[in-house]
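Have a look at the structure below before the remarks.
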Amino acid sequence: MGHKATLPLLMLLLLAMQASSQAPSTDPQKADEDKDLIAIVELGAATSWNFSGGAATFAPNLAAEVTPIENWLEVEAGVSPFYTHKSAEWDTDLLFKKPWTLSRKAEFMLGVGPEWVHLRQNGKVTNSISGEVAGDFMFWPVRKHRFGWYLEPAYDYSFAGGHQQSIGMSGGLLIGIP
């Protein structure tokens with residue numbers, strides 16, 4: 001992974017260290033579930049489909065999130081490298097999410113943020129900035145949020161020439177980091 005792609009993940013780790021030094025939640029149920037949880041790692045797969053046509057593309061997906069303001073703000077940084085026989089695209093995003101607890105085992109977050117897209121196609125390299133809106137459904141099978149799974153539909157709008165738009169879905173395993 002290039003240096004530019006790792007920058008958001010490094011920023012996330014710094015936020016995680018800051019969040020771990022904050023006071024615990026006043027909600028006893030939430031405090032018990034997330035006790036000493038400094039970050040949540042998302043490890044899974046992603047797919048994306050561009051509105052201008054073409055086939056859907058698939059990629060591995062890695063993200064990490066921290067909670068700087070309990071019940072108000074989650075910050076997530078992620079990366080997905082999409083490869084086809086003609087191109088390579090690295091999507092790196094930084095999402096700011098508002099969480100809602102649906103039950104002891106389910107959460108929903110709505111997020112928005114910038115996305116950096118690094119594309120190498122036909123020997124030409126381009127970098128562009130996009131905006132992303134994502135919903136994040138998190139499911140925790142046990143009371144302590146150590147392992148779970150997620151589904152995250154997203155919409156991307158490129159600010160580069162042509163203003164490409166795409167929809168995507170990622171999903172996979174959640175791993176709580178104590």
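Everything quoted here is computed from the prediction, not taken from an experiment.
- Note on ring orientation: taking the six-membered ring where Trp is involved, the planes of Trp100 and Phe108 are parallel (angle under 30°, cut-offs 30° and 60°).
- Between Phe159 and Tyr157, the two ring planes are perpendicular [angle over 60°; tilted spans 30° to 60°].
- Remark: Thr84 engages Ser87 in a side chain to side chain donor-acceptor pair (under 3.5 Å) (not counting sequence neighbours).
- In this structure, Trp49 has its ring center closer than 6.0 angstrom to the ring center of Phe51.
- To the nearest 0.5 Å, atom CG of residue Asp156 and atom CG of residue Asn50 are 9.5 Å apart.
- Nearest heavy-atom pair across Leu37 and His145 is CD2-O, 3.7 Å.
- For His118 (side chain) and Trp90 (main-chain N/O), no donor-acceptor pair under 3.5 Å exists by modelled atom type.
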Go through it in stages, so that I can follow the logic: the residues are Tyr155 and Gln165, the test is side chain to side chain donor-acceptor pair (under 3.5 Å), and I'd like the CA-CA distance, side-chain angles, deciding distance and then a yes or no. CA-CA 7 Å; Tyr155 166 79; Gln165 300 174 57; 2.5 Å; yes
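- Taking 4.0 Å as the cut-off between side-chain N and carboxylate O, Lys97 and Glu107 do not count as a salt-bridged pair.
- Between the Thr47 side chain and the Thr57 main chain, a donor and an acceptor come within less than 3.5 Å of each other.
- Across every non-hydrogen atom of Ala39 and Val66, the tightest pair is CB-CG1, 4.0 Å.
- Here the CG-CG distance, from Asn127 to Leu119, works out to 9.0 Å after rounding to the nearest 0.5 Å.
- Here the OH-CD distance, from Tyr150 to Glu65, works out to 10.5 Å after rounding to the nearest 0.5 Å.
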